[in-house]
Number of protein chains: 2
Amino acid sequence: MPHCHTYLKKLRDHGYRITPQREMIVQIIAHCGRHMSAEEIMEKVREKTTSINIATVYRTLDLLVENGLASRFDLGNGKTAYATSEHGPHIHLVCRHCGSVTEITENDISASLDRIEDIYDFDCRPYHFSIHGLCRDCRDSMTD
Amino acid sequence: MPHCHTYLKKLRDHGYRITPQREMIVQIIAHCGRHMSAEEIMEKVREKTTSINIATVYRTLDLLVENGLASRFDLGNGKTAYATSEHGPHIHLVCRHCGSVTEITENDISASLDRIEDIYDFDCRPYHFSIHGLCRDCRDSMTD
DNA sequence: TTGCTTGTTGCGAAGGTTCGCATCAAAGGA
DNA sequence: TCCTTTGATGCGAACCTTCGCAACAAGCAA
Ligand SMILES: [Mn+2]
Ligand SMILES: [Mn+2]
Ligand SMILES: [Zn+2]
Ligand SMILES: [Zn+2]
C-alpha cells in the first residue's frame with residue numbers, strides 16, 4: 001500500500017537527502033514483495049544504471065531499517081535478507097538442522113509481542129523476524 | 001549444570017569425533033556463562049595452545065548450534081555471539097536505532113512459543129534469541 | 001540561477017565468516 | 001599394538017559486509 005513515494009518522503013522528512021541511488025533502491029525493494037539480498041537489489045538497479053555501488057546499497061538498506069521502513073533478518077543461508085513492510089507481518093521458523101523455513105502468521109505470537117510492548121515499552125513492529133529451532137522432521141530423525 | 005563432559009558426550013553419541021580442539025572450545029564456552037564471539041573463544045583457547053584456527057572455532061560452534069548445545073545470534077554489533085544453555089533462556093530486545101540491548105525473561109513470551117510448538121511442531125528451545133525493534137527512548141525522540 | 005554547506009557516493013581496504021582441499025589423526029577393528 | 005577408514009584440521013582464498021576518505025552533489029538561501 002505505501003508506495004515508493006511514501007518511503008522517500010519519510011526519509012526526506014527525517015532530514016535525509018533523496019539521491020538517484022536511494023530512489024532506485026527504494027523502488028526496487030518496495031515493488032518486489034519478497035525478501036531480497038543486497039546483491040540482488042544491486043543487480044536490479046544495475047539494469048537501469050551503472051552508477052551504483054554495493055556499499056551504497058548496504059548504507060541505504062541500513063537507513064531504511066533504522067527508520068522502520070524495512071526489516072533485516074537472517075534466513076540462515078549466509079546472506080542477510082531485506083524487505084519492506086509491503087511484505088507483511090509474519091515470522092519465519094528456521095530449522096537449525098536442515099535450514100527449512102516455515103512462514104507463520106503474526107497472530108500466533110502477537111499476544112506475546114503486545115505484552116512485551118506493554119511491559120518493556122519496546123516496539124517490535126514491523127513483526128517480521130526469524131526464530132531458529134528444530135523442525136518436526138529433524139527432531140524425529142534424531143535419536144538424541 | 002550440564003558440564004563440558006556432557007556436551008562432549010552428546011557430540012560423540014551423535015557420531016562426531018572428539019578432538020583436542022573441540023574439547024578446549026567446549027570447555028571455554030561452557031564455563032564462561034556469557035555470550036562470546038568466535039574471536040574471543042579462539043583467544044581463550046590460544047592461552048593454552050597454539051594449535052587452533054579460527055575456521056575450526058567456527059566449525060565447532062556450528063556443530064554445537066546445529067545439535068542444540070549452543071545458541072547463535074546477532075547482538076547488532078557486527079559480530080555473531082554464541083552461548084551454551086548455561087547462559088539460560090531469555091530474549092534480547094535490540095533497538096534498531098541506538099543498539100541498546102534489554103534482556104527479558106522467557107516467561108514474557110513462553111506462552112506464544114508453546115503455541116508455536118503445538119501448532120507447527122517446531123522446537124524453539126533453547127529460548128535464546130533477539131527481537132529487533134525500537135526502544136522507548138528512541139521512539140520518544142523521533143518526531144515521525 | 002548561483003554558490004555554499006554538508007550529507008552522500010564510489011572506491012579500495014579491512015573485518016568477519018565460509019569454503020575447498022591437502023594433510024592429519026580419532027576411532028574402531030584386526 | 002598397528003592399520004585402515006574417514007571425519008577433522010589448518011591454511012589460503014573467496015565471500016559478505018563495513019569502514020575511511022576524497023570527490024561529489026542535494027538542498028537551501030541569496
Ligand atoms: Mn518474510
Ligand atoms: Mn543472552
Ligand atoms: Zn529441519
Ligand atoms: Zn534505542
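Chain A is the first sequence line, chain B the second, and so forth, proteins listed ahead of strands; every chain is numbered from 1.
Residue pairs meeting the salt bridge (charged side-chain N to carboxylate O under 4.0 Å, His left out) criterion with at least one partner in residues 65-79 of chain B, sequence neighbours excluded, are B:Asp62-B:Arg72. Within the structure, every pair that satisfies the ring-ring contact (aromatic ring centres under 6.0 Å, His included) test and touches residues 27-54 of chain B, not counting sequence neighbours, is listed here: B:His3-B:His31, B:His35-B:Phe73, B:His35-B:His87, B:His35-B:His92, B:His35-B:His128. Pairs engaging residues 36-47 of chain B under the salt bridge (charged side-chain N to carboxylate O under 4.0 Å, His left out) rule: B:Arg34-B:Glu40 [sequence neighbours left out].
Between B:Ser51 and B:Pro20 the shortest side-chain heavy-atom distance does not fall below 4.5 Å. The shortest distance between side-chain heavy atoms of B:Thr60 and B:Gln21 does not fall below 4.5 Å. In this structure the side chain of B:Ser130 never reaches within 4.5 angstrom of the side chain of B:Ile91, judged on heavy atoms. Side-chain contact between A:Leu93 and A:Cys135 is absent, with no heavy atoms from C-beta onward closer than 4.5 Å.
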Strictly under 3.5 Å: I want the nitrogen or oxygen pairs between protein and nucleotides 21-24 of chain C, one per line.
none

Each nucleotide N or O in nucleotides 28-30 of chain D that has a protein N or O under 3.5 Å away: list the pair and distance.
none

Close N/O contacts between protein and nucleotides 3-6 of chain D (under 3.5 Å):
residue	atom	partner	partner atom	Å
D:dT6	O2	B:Arg17	NH1	3.2
D:dT6	O2	B:Arg17	NH2	3.0

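Residues passing the side chain to side chain donor-acceptor pair (under 3.5 Å) test with B:Arg12: none are found, sequence neighbours excluded. Residues meeting the side-chain contact (heavy atoms from CB on, under 4.5 Å) test with B:Leu63, sequence neighbours left out: B:Leu11, B:Tyr16, B:Arg22, B:Asn67. Under the salt bridge (Lys or Arg N to Asp or Glu O under 4.0 Å) criterion, A:Lys9 pairs with A:Asp13, not counting sequence neighbours. In this structure, the salt bridge (Lys or Arg N to Asp or Glu O under 4.0 Å) partners of B:Arg136, at least two apart in sequence or on a different chain, are A:Asp121.
Heavy-atom distances to DNA chain C give each of B:Asp62 and B:Pro20 a nearest nucleotide, and the one nearer the 5′ end belongs to B:Asp62.
Here A:Thr80 lies in heavy-atom contact (under 4.0 Å) with sugar-phosphate atoms only.
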Under 3.5 Å, sequence neighbours excluded: what are the donor-acceptor pairs made by side chains of residues 99-109 of chain A?
residue	atom	partner	partner atom	Å
A:Thr105	OG1	A:Asn107	N	3.1
A:Asp108	OD1	B:Arg115	NH2	3.3
A:Asp108	OD2	B:Tyr120	OH	2.5

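If you take CZ of A:Arg22 and P of D:dC24, they are 19 Å apart, rounded to a whole angstrom. Rounded to an integer number of Å, the gap from B:Leu8 CG to C:dA27 C1' is 15 Å. Distance, A:Asn67 CG to C:dG7 C1': 15 Å, rounded to whole Å. In this structure, B:Arg12 places its CZ atom 14 Å from C1' of D:dG7, rounding to the nearest Å. The interatomic distance linking A:Asn77 (CG) with C:dC19 (P) rounds to 11 Å, in whole Å. Between the CG atom of A:Leu64 and the P atom of C:dT8 there is a distance of 12 Å, rounded to whole Å. Residue B:Lys9 contributes atom NZ, which lies 13 Å from atom P of C:dA27 at whole-angstrom precision. Look at OH on A:Tyr16: it is 17 Å from P on C:dT6, rounded to the nearest Å.
The stretch residues 38-54 of chain A comes close to DNA chain C through A:Ser51, A:Ile52, A:Asn53, each having a heavy atom under 4.0 Å from the strand.
Smallest separation of non-hydrogen atoms from A:Ile41 and A:Met36: CG1-CB, 3.8 Å.
When the side-chain nitrogen and oxygen atoms of A:Gln21 are compared with OP1 and OP2 of C:dG10, one or more of them lie within a distance under 4.0 Å.
Each of C:dA26, D:dG10, C:dT9 was ranked by its minimum atom distance to the side chain of B:Thr19; first place goes to C:dA26.
Side chain of B:His90 to main chain of B:Gly88: a donor-acceptor pair is present (N/O by atom type, distance under 3.5 Å, no hydrogens or angles).
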